[in-house]
Amino acid sequence: MSSDFSRSNRSFRPESLMMSHGYDPKLSEGSLKCPIFQTSTFVFTSAQQGKDFFALAYGKRAAEPGEELGLIYSRLNNPDVQILEERLSLWDKAASCAVFESGMAAISTVFLAYLKPGDALLYSRPVYGGTDHFINKVLPDYGIEVIPFSASDSYDDLVRLTQGRPIRLIYAETPANPTNALIDLSMCAQLAQQLSTPDRRVHLAVDNTYMGPLWQHPLDHGADLVLYSATKYIGGHSDLIAGAVSGSLEAMLPVRTLRTFLGNMASPWTSWMLMRSLETLKVRMDQQALNAARVADYLKEHPKVERVYYLGHLTPADASYEVYQKQLSSPGAMVSFDVVGGESGAFAFLDHLKLFHLAVSLGSTESLAEHPYSMTHADVDDQDKIALGITESLVRLSIGVEHADDLIWDIEQALTHV
Ligand SMILES: *Cc1c(COP(=O)(O)O)cnc(C)c1O
């Protein structure tokens with residue numbers, strides 16, 4: 001899939017390459033855009049070629065210098081899937097990327113690829129509800145011990161928590177949904193290194209859905225794998241479900257191999273849709289962040305708002321300010337806030353929105369609002385919710401690309417009903 005577009009030695013930025021990278025029009029009748037290769041299988045030119053392709057696919061022979069695996073069957077490889085992966089990997093400067101039919105498919109495949117019976121998983125809490133369910137309701141059935149930690153735990157706390165436990169994988173989601181709590185990734189990477197032995201490497205995997213792939217690059221902070229629900233910012237239009245994992249060739253090999261046999265790769269159609277989304281990723285996310293800053297500043301001054309959770313409001317007096325400075329290049333576009341009046345205050349606000357949609361999910365062009373306590377985090381233990389700051393007053397906003405003045409108008413009028 002090597003690109004014919006490298007007309008100079010300049011190393012273009014990812015946003016400049018999203019329309020062309022990895023695609024050669026000569027291979028597709030000169031079509032400017034990559035076609036949808038809606039096919040299950042590919043024709044070999046000879047029996048010998050089929051034999052050669054399979055020998056490489058199953059590791060029975062090494063690749064010739066510069067040789068890429070030929071097209072065989074769409075569960076193993078497909079041009080739309082591969083070109084998408086090449087483009088997506090540019091944002092995190094990853095050597096390898098694999099796309100999945102959902103974010104949960106990406107996350108569960110990483111867990112199953114890295115954890116075996118008798119292993120232990122250290123994971124940050126809170127995590128996405130589906131991830132929490134997989135960790136606490138599925139992994140223990142496979143003989144895997146799961147140990148949670150939180151953003152407020154220090155390095156020494158983590159050393160104590162993991163003492164004598166057979167940790168194999170550390171999993172972090174940061175910023176945490178819905179409170180924007182931050183986990184220090186270089187601290188986690190240091191712990192992974194500390195817990196590794198020569199014959200047992202501990203890996204660090206990070207769910208970067210909230211910030212990525214633009215505003216936080218976990219691989220630069222020592223992570224081995226970076227995971228996405230591509231349903232969110234990467235897809236960005238609330239019209240598909242997809243996931244992705246990126247990392248080094250070595251870290252990705254078990255993930256890619258398991259994906260081949262679980263068969264949970266993204267389809268050609270979903271991959272084509274995601275390629276289209278990637279062309280506008282940077283302009284969308286930049287605008288969403290600008291709008292979020294306006295909305296957060298407005299909320300902060302409103303008498304019916306008790307507290308705003310927005311990373312752009314952190315000051316040097318906040319414990320997570322240092323992590324924010326070193327790990328993130330933007331405060332992002334997710335804003336949560338406590339409204340006066342508990343659940344009835346939050347519901348009155350949500351029920352009177354005219355431009356925001358009352359829906360879960362995030363990162364898309366349209367602004368969304370939801371009630372984490374009773375919706376996305378309904379399954380989390382009530383006591384845990386309160387400890388994590390997820391109260392009945394909390395509303396979560398995902399800010400889209402509308403005009404900021406219209407979003408603020410909508411919030412203002414909905415708050416009059418609280
Ligand atoms: C939505 C989401 C997921 C799950 O992704 P799906 O595409 O819905 O399977 C995982 N992590 C985070 C942070 C999410 O927001």
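Ligands are counted one by one from 1 in listed order, and the atoms in each one are counted from 1 as well. Remember, it's a predicted structure, so these values are computed and weren't measured experimentally. Just the heavy atoms: all of them, side chains too, but no hydrogens, waters or symmetry mates, feed the values below.
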| request: Starting from atom 4 (C) of ligand 1, find the nearest protein heavy-atom neighbour and note its residue, name and distance. | output: Y128 CE2, 3.3 Å
| note | When distances are taken from atom 7 (O) of ligand 1, the protein heavy atom at minimum range is T231 OG1, 2.6 Å
| query | Looking at S229, which atoms of ligand 1 are within less than 4.0 Å of one of its heavy atoms? | reply | 1 (C), 2 (C), 3 (C), 4 (C), 5 (O), 6 (P), 7 (O)
| Non-hydrogen atoms of S361 versus ligand 1: any pair closer than 4.0 Å? | no
| Part of A105 within contact of ligand 1 (heavy atoms, under 4.0 Å) | neither
| task | Tell me, with the steps shown, if E101 and R259 meet salt bridge (charged side-chain N to carboxylate O under 4.0 Å, His left out). | result | CA-CA 10 Å; E101 204 51 280; R259 183 186 67 165; over 6 Å; no
| note | Numbered in order shown, the ligand 1 atoms found under 4.0 Å of a heavy atom of E173 are 13 (C)
| task | Could you tell me whether ligand 1 has any atom less than 4.0 Å away from a heavy atom of I107? | result | yes
| task | Verify the ring-centre separation between F349 and F337: is it less than 6.0 angstrom? | result | yes
| request: Answer yes or no on whether K300 is positioned over the face of Y310, meaning its NZ or CZ is under 6.0 Å from the six-membered ring centre and within 45° of the axis. | output: no
| query | Can a salt bridge be assigned to the pair K33 and E279 using a cut-off of 4.0 Å between side-chain N and carboxylate O? | reply | yes
| field | D119 vs R200, salt bridge (charged side-chain N to carboxylate O under 4.0 Å, His left out): CA-CA, chis, key distance, verdict | value | CA-CA 11 Å; D119 287 342; R200 186 189 176 84; 3.1 Å; yes
| task | Report the part of D207 (side chain from C-beta onward, or backbone N, CA, C, O) that has a heavy atom under 4.0 Å from ligand 1; answer both or neither where that applies. | result | side chain
| Going by distance only, is there an N or O of G103 that falls short of 3.5 Å from an N or O of ligand 1? | yes
| request: Just do the side chain to side chain donor-acceptor pair (under 3.5 Å) check on D318 and S320 with the steps written out, would you? | output: CA-CA 6 Å; D318 291 294; S320 53; over 6 Å; no
| query | Out of M104, M334, M211, K232, whose heavy atom sits nearest atom 9 (O) of ligand 1? | reply | M104
| task | Kindly say whether the aromatic ring centers of H203 and Y114 come within a distance under 6.0 Å. | result | yes
| Atoms in ligand 1 with a heavy atom of A242 nearer than 4.0 Å | 7 (O)
| task | Output, in order, the C-alpha distance, side-chain angles, deciding distance and verdict of ring pair (Phe, Tyr, Trp, His ring centres under 6.0 Å) for H377 and Y373. | result | CA-CA 5 Å; H377 295 68; Y373 191 93; 9.8 Å; no
| message | Tell me the contacting part of V127 for ligand 1: side chain, backbone, both, or neither, using a 4.0 Å heavy-atom threshold, strictly below. | response | neither
| query | Going through the checks in order, is the salt bridge (charged side-chain N to carboxylate O under 4.0 Å, His left out) test met by D132 and R125? | reply | CA-CA 8 Å; D132 195 86; R125 205 158 58 171; 5.3 Å; no
| request: May I ask you to check whether T131 has an N/O atom sitting below 3.5 Å from an N/O atom of ligand 1? | output: no
